[in-house]
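Residue numbers begin at 1 in each chain, while the letters A, B, ... track the order of the sequences.
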Amino acid sequence: MSTPFSVLQQSLPYLLQGVWVTLVVVLGSLSLGLLVGLPLAVGQVYGPRPLKRIIGLYVWFFRGIPLLVLLFLFYFGLFPFLHLDFSAFTVAIIVLGSISSAYQSQILRGAILSIPEGQMKAARAIGMSDAQAIVHIILPQALRLAIPGWSNEYSVLLKDSAVTYALGVAELMARAHHVASRTYQHLVLYLCAGFIFMILTFLGTRALNALHRKVKLKGYS
Amino acid sequence: MTTATDSAPVLTVEGIRKSFGNKEILGGVDLSIRRGEIKVLIGPSGAGKSTLLQSINFLVMPDAGRICLEGRPVDPSDRKGLCLYRQQVGMIFQEFNLFDHLTALGNVEIGLVRVKKMKRSQARERAMAELERVGLGVHAHKYPAELSGGQKQRVSIARALALDPKVMLLDEPTSALDPELIGEVHAVIRDLGAAGMTMIMATHQIGFARALADEIIFMENGVVIEQGPPDKILDDADCERTREFCTKITELGGR
Ligand SMILES: Nc1ncnc2c1ncn2[C@@H]1O[C@H](COP(=O)(O)OP(=O)(O)OP(=O)(O)O)[C@@H](O)[C@H]1O
Ligand SMILES: [Mg+2]
């Protein structure tokens, strides 16, 4: 007869391995989201009108459809249709990253737009090209402003990552479910999973807050 | 005694027009300035002074007209050429527009490093020299938010000077400053003039304009109404409208 405690004790290493999977999925999709979201934001602010339209559509698509639908659409629908044989893990990062890129592009767009117009004018006035002005003047300021938004994005992704268990990604939630359905210790296992998610949220936002303080410009509140 | 090259204009502006929507802001402005000359733009608010200055380096794209630097017309559709041209035309803004994420030194240095592709160490040396020239050597490592308005404007002047401009455009350089900070910026501009810098400046500081300008240009409703030596324009203008404006502004600002 297994007690809640002994089950937890035995399954903890197994669960903690899931934490790594969760973190890789979250950090992977957060990075992918930034990599794609940054050019989207720049394109949406400075690009020609047709490009702005297309980016608008992209954002609308990924923000408008529930995560689970997108996961199934890509994993069971789109990728097999394109004869792409991606693992559930890869698809999880691609889908979460794409969704995150849509949200991050809007965080960054807001940040870019909040930089006073005079900064761009002054950069042009000293002979910078628009691309140089964006890279050396606008983005260094906008990225600083975007950190609180990222902090939020991180915690949203962390929670969303649990849904990828539906594809069979062996992350924390999937493992908790797996153990619970064998041992019937649902209460303690989901409590434990929830608790670990809480800690991860806490640590991540703490780290980003620290980063925010570190790069904050002197003299600005 | 001026030589032939000295009397050839550094910058000429011909027939600059600009409309925003269907409102005409500049209705064909001509202007030409020789090396070492200082011209001051005056005129009521909304006359188009800022629009003119920003059109001269294409921060505002004029609808028509031609601008030549040392006799060569500038083609704003040639991006490389435009960047090169802008390096040679320093711009000072009313609101300073310092890069907030860079120190005073960084602000001056960045044009040298990124635009002139100078080596970092060399750029740093030059930037420091320019900051010292405007009296800010000791504040080199402060961020804009840690500087007073007068100091910020001096940094922005150093930033422009670092690129060795042939002309400087100054758009009301002291009108965003507290009165007690105006003097330090005026002193820097006066030194520039004494060193032979060619300048076009918009200002409402009439006493300063009188002391500094070789010529004052009175603008209203997007056109030049009258131009001439300071004493002539400020005290004895030909045009009724110029006299009216100058009387009002000299009463306010003193001589
Ligand atoms: N981007 C713009 N869009 C529409 N109207 C503009 C724009 N920029 C300037 N204007 C208009 O152009 C007119 C001239 O403005 P400008 O700033 O050149 O005048 P100014 O002579 O510099 O005035 P001030 O002494 O107040 O600085 C104003 O009526 C202003 O509202
Ligand atoms: Mg103005």
Side-chain angles (χ1 to χ4, degrees), chain A residues 34 38 41-43 45-49 51 107-151 208-221, chain B residues 50 53-54 56-61 76 79-103 106-117 141-147 152 155-156 158-165 168-171 176:
Chain A
L34 176 62
L38 190 59
V42 170
V45 177
Y46 299 107
R49 186 160 302 176
L51 182 65
I107 295 170
L108 285 164
R109 186 174 79 126
I112 291 173
L113 289 174
S114 71
I115 307 295
E117 206 193 349
Q119 299 281 307
M120 191 71 184
K121 278 196 170 167
R124 286 181 178 147
I126 59 170
M128 284 192 179
S129 65
D130 283 12
Q132 283 180 318
I134 291 167
V135 170
H136 299 300
I137 306 300
I138 304 297
L139 290 184
Q141 298 181 58
L143 291 177
R144 284 180 167 87
L145 291 178
I147 294 174
W150 274 333
S151 179
L208 279 165
N209 283 345
L211 177 69
H212 188 45
R213 270 196 306 276
K214 191 164 148 47
V215 301
K216 203 169 69 177
L217 295 169
K218 253 198 212 163
Y220 285 85
S221 49
Chain B
S50 299
L53 289 174
Q54 298 201 25
I56 292 178
N57 68 353
F58 302 97
L59 290 177
V60 165
M61 221 28 100
R79 292 193 184 186
K80 276 232 174 77
L82 181 60
C83 289
L84 224 66
Y85 165 75
R86 282 173 172 160
Q87 291 170 43
Q88 303 173 70
V89 180
M91 180 90 197
I92 303 302
F93 301 90
Q94 186 177 338
E95 333 65 48
F96 331 123
N97 294 344
L98 289 187
F99 305 131
D100 289 328
H101 63 303
L102 299 173
T103 61
N107 268 273
V108 183
E109 196 184 73
I110 194 163
L112 296 170
V113 176
R114 300 296 175 190
V115 180
K116 293 236 160 168
K117 311 285 182 199
H141 297 287
K142 289 191 178 166
Y143 284 87
E146 302 172 290
L147 298 171
K152 281 190 239 191
V155 173
S156 97
R159 176 173 69 183
L161 287 176
L163 298 172
D164 292 317
M168 296 257 283
L169 310 173
L170 302 97
D171 189 3

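Of the atoms belonging to R79(B), not a single heavy atom falls under 4.5 Å from chain A. Using a 4.5 Å cut-off between heavy atoms, F99(B) touches chain A through backbone and side chain atoms alike. Contact of L84(B) with chain A is not made at all, since no heavy-atom distance falls under 4.5 Å. For a residue to count as touching a neighbouring chain, one of its non-hydrogen atoms must lie under 4.5 Å from one of that chain's; by this rule Q132(A) touches chain B with the side chain only. Looking at Q88(B), there are no atoms closer than 4.5 Å to chain A (heavy atoms on both sides), in backbone or side chain.
Counting heavy-atom pairs closer than 4.5 Å to chain A, the top residue among L59(B), T103(B), N57(B) is L59(B). The residue among L98(B), L169(B), V89(B) with the most heavy atom pairs within less than 4.5 Å of chain A is L98(B).
Distance check, rounded to the nearest 0.5 Å: CG of N97(B) to NZ of K121(A) gives 8.0 Å. Put simply, CD1 on I110(B) and CE on M128(A) are 4.0 Å apart, with the number rounded to the nearest 0.5 Å. Atom CD of Q119(A) is separated from atom CG of D100(B) by 4.5 Å, given to the nearest 0.5 angstrom.
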Exercise for review: Begin with the C-alpha distance, continue with both residues' side-chain angles, and end with the deciding distance and a verdict on side chain to side chain contact (heavy atoms under 4.5 Å, CB included) for I126(A) and R114(B).
Suggested key: CA-CA 10 Å; I126(A) 59 170; R114(B) 300 296 175 190; over 6 Å; no
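In this structure, the side chain of H101(B) engages the main chain of H136(A) through a donor-acceptor pair within 3.5 Å.
Of all heavy-atom pairs between G127(A) and Q87(B), the closest is CA-CG, 4.0 Å.
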